[in-house]
Amino acid sequence: MAYLEGKNLVASYGVVPILHECSVEVEKGELAVIVGPNGAGKSTVMRVLLGMLNATSGSVTLDGKDISMLSTQDRISHGLAFVPQTKNVFPSMTVEENLQMGGFIRQDDINQTIEEVYALFPILYDKRKQLAEQLSGGQRQQVAFGRAMMTKPSIMLLDEPTAGVSPIVMDEIFSNILDVRNAGMAVLMVEQNAQQALNIADKGYVLVSGRNEHTGTGKELINNSEVRKKFLGG
Amino acid sequence: MTSDSVDIINAFALLTNFVLLPALSYGSQLALGALAVTLVYSVLRFSNFAQGDSMAFGTMIVILLTSFMISRGWTISGIPTALLVIPIAIVFTSMYLLTMDRLIYRHYRKIKAKSITIVMSSIGVMFVTGGIVRFVLGATAQKFEDGERFIFSVREFKAYTGLEQGIAFKTSQFLTITIAFLLVAFVFYFLQKTKTGKAMRAYSDNKELALLSGIDPDKMVQITWLLVAALTTIAGALYGLDKGFAPQQYHLLLLPIFASVIVGGIGSPIGAIAGAFLVAFSEILLTYAYKKFLIYLLPLSMHPSSLVQLIGTEYKYAISFVILVIVLLIKPTGLFKGKVIVDE
Amino acid sequence: MNNLNNIWQSYRAIITFSLMGFVLLFVGFNQSWALVIGIINMSLISAIMALGVNIQWGYAGLFNVGIMGFAALGGVSVVLISQQPVTEAIDVGGIKMLFALALGAATIAAGVLLNRRGVNKWLISLIVVIGYLFTRFYFSEASKLIEKVDPAITGYLGGFGLPIMLSWIVGGLAAAGAAWWIGKITLSLRSDYLAIATLGISEIIIYVIKNEDWFVRGLKNVYGLQRPVPYEVDMQKSEWLQNIVAWIHRSELQLLSQSEQISKLSDYVREASVVFVKLSYSGLFLLILIAFIMLSNLALNSPWGRKVRAIRDNEVAASAMGKNITRQHLQIFVIGSAIVGVAGALLVTYDGIFIPTAYQPLRFTFLIWVMVIVGGSGNNLGSVLGAFIMWFIWIQSGPIGLWAVEMLGNYVQEGNTSLEFIEDRVHYLRLIFMGSIMLLIMRFSPGGILPEKNKEL
């Protein structure tokens, strides 16, 4: 059984069905990517895994334990962390305060973890007293990652981390993501830039209308002619 | 006014007595109210029209407890009894505000109603609260100050300094300025330095992310109302000690309070306080009759015959409104860049 | 059961209006017809006011907390248009006052113009301050002179002595002007700024009316306003009314002796004349209400109205389509306030007396809002229904409260202080009662009695 597993998830917004028996899984030290056209339900998968939206059927397990019934906050204290696509920092708080808020639920000393984040993203140390809203897009994304890492999660969920950024910043962000994975975490992300994301992914899911259309390693999917034609623009 | 000479010292003693001290205490009272409005706005995201009447509610509790204490003879000489009962009054006001939140505002948070809908419900709360206060205490003005009236009186001041123009420092003014200062310092310390205070700011900044960080929204809302209750009760009690209690006057405090908040930049705590003093000083400087002041400063031949009052006292609420309009015209974000919350 | 529910759904308006009608008939038969027609008249005026507010809230989501102020502007217009000029006051202070006001206007205009030219801010401030000081000097001189003229009866400039019906239009225009000014400042900003600004302006309007005696006599009130309908005394002399009354009561009158007949008949005629005058008002108000409803329905079905609805239903999409929302909102705000102004003028006309202290936010702003919400926000007919229901409750809640206290008194000993206490304060319960109705409806039935389709609160 994989570390985090969402199995046969069915979910809807009101009466509009979004997910039909969709499954994803990710191991520790692995980067899994969900790609697919707009409205395929990619972000919904994340919301269901996090408990921000309740699945009508299916299960979510973490390290073999069923967490389907837990609230978002409980899932976070069990090791899940999430970086939303937009509004992923506290803009009028300093970088350091953002990190402190990330570790809000921890009872132990969080300074050690803050140091680790600074070690991973040295620029944040220099800007620790600045307000998050004053940072550049890439730096802000680092704050967002850093905040999510403050709970010392075992798995990170990222919702379109490169949406709306320039190609240079995108490379920077992808390299940040690889750093996070190499630190031993499981990473599951939803991406619009399918080509680049699959390039660095260990595992990929192609979602269409809330169903698993293709599954495989990043390389396999890139080389799959059907996937290429339909989703990667040739 | 015996001599023809220019008398700067007495002129400024006069201004201290009739402008500076009253404006400082009025400004402090407004600042506490404005801070309460700012907290509600930042965390609960609506302009609370019930603030003035909530202050009347808190003061009502203070008055009831005060008269109870006095009837039992449980007083400490020299200290206004109202001061002793404020902590208990805060508990009652918190209970009231939390009940209102539970019965009314929580529903609109849950259905993610537009902020204007919540504003409207706060007007409902305003009328209910005002009704309760008037039902219990009546609508007429009353005083509830006891204990020592002055830190030093005009007579004492004159005897001490030998000046012709005396300055009186009322106990209520001293208490207002000191308590307001301490309370504001506490609120800022709380928001900037404590974990819970930071969490409150985080919640106000980005609700969804606060949730993802494990911050409990219900707890944040409750703490906000507790702070608001403390600010509201203390502001109301201090205003009442200073100027007496009248429900209609408290209701109308809404205008200068909103003016303070908007002048300072809505959602900015520092702005709210700066705005409160700006409004208070404008109001008192513009409605003060400068006749005596000018008589001190000008030679006999130029002594004014009229009151030299820029605006009649009856229009003091118009001053807040005019300030409000000017700010909205020139710089809608206020002096300190406020937070503009849009419907999500 | 299901069937009944369907009928209720499709004939909601008819059923509720008929019920209201029955209640009024009941009061008419049991108490007095003059009372019922009085209630109807006040309901009609309130309905017009509620209609104006409903246009603002229902069509554009604008929250007007200053209804009282706009209504008061209407009331002021009645005095200024219909009262006879006080020539003596005009002679002593008219020119001076005019000069002071012109000076004030010139100062403001100079400030605005110079600001546009980019002149140094301090210089502008100086000019404005000096201008203000001069204005204030002449102004207080003039008002003192005017207020000295026979203060017990006049002490003000009076009005233009024009027909009172003209003041209804002027009242609408005055309210529209104030609304335009407020809207211009606040409508491009956050939605609650409008609420705060309207609250402020309405309080200030009332302060001005109460304090400026030279203007509309302040707290001294203005009595004996013109009437658009005949006086009761004149009606009692008219033969046709006597004939009608005699015919209605013919069977009863036949049984009486000659002298009894005459005294009884004159009683009936007196009563009939009151009813007739009130009915004439009802006719006028009803005509105006219907005209406003028809106009607003026409407007809503015009291309302009389609734009309004497009913006209302989806502000984001409409603004993406390049529709200027702020301008649209300003138009709606001005129109709605103008209607409130007209209603305010009608109210003072109907009262025949102008009393500044009658302007209470609870009665004028809040009660009207409750009418709109109870009736069904966004629905014009709903506002009318809400006006009838809430006015009826408002009028009856005073007596009912007192009755309740009396009933309570039967069980409590004589001279009980707590009872006197409640008797003294019972009218404040209205605040609590009305506030609770508003909160309950908003919470549990946000659509009101006649919900507007496709409209979310």
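Letters go in sequence order (proteins before strands), and every chain restarts at 1. Being a predicted model, the structure only gives us computed values, none of them experimental.
B/Arg45 contributes a side-chain N or O that, together with a main-chain N or O of B/Ser204, makes up a donor-acceptor pair within less than 3.5 Å. Counting only distance, with no hydrogens or angles, the side chain of B/Asp101 and the backbone of B/Gln222 share no donor-acceptor pair below 3.5 Å. Within the 3.5 Å criterion, the main-chain N or O of B/Gly236 finds a donor-acceptor partner in the side chain of B/Tyr250. Not a single donor-acceptor pair under 3.5 Å links the side chain of B/Thr38 to the backbone N or O of B/Pro269. Between the side chain of B/Arg201 and the main chain of B/Leu191, a donor-acceptor pair closer than 3.5 Å is present. Remark: side-chain polar atoms of A/Arg128 are not paired, donor with acceptor, to backbone N or O of A/Glu96 under 3.5 angstrom.
Below 4.5 Å, heavy atoms of chain B meet no heavy atom from residues 22-35 of chain A. Taking 4.5 Å as the heavy-atom cut-off, the residues of residues 65-86 of chain A that approach chain B are A/Thr72, A/Gln73, A/Ile76, A/Phe82, A/Pro84, ordered by number.
Atoms CG and CD, on A/Asn38 and A/Gln192 in that order, are 5.0 Å from each other to the nearest 0.5 Å.
Within 6.0 Å of atom CZ in A/Phe174, more than 12 heavy atoms from other residues, nucleotides or ligands are found, so the atom counts as buried in its surroundings.
A ring-centre distance under 6.0 Å is found for B/Phe49 and B/Phe258.
With a 4.5 Å cut-off on non-hydrogen atoms, A/Met150 does not touch chain B at all.
Between B/Phe46 and B/Tyr105, the two ring planes are tilted [angle within 30° to 60°].
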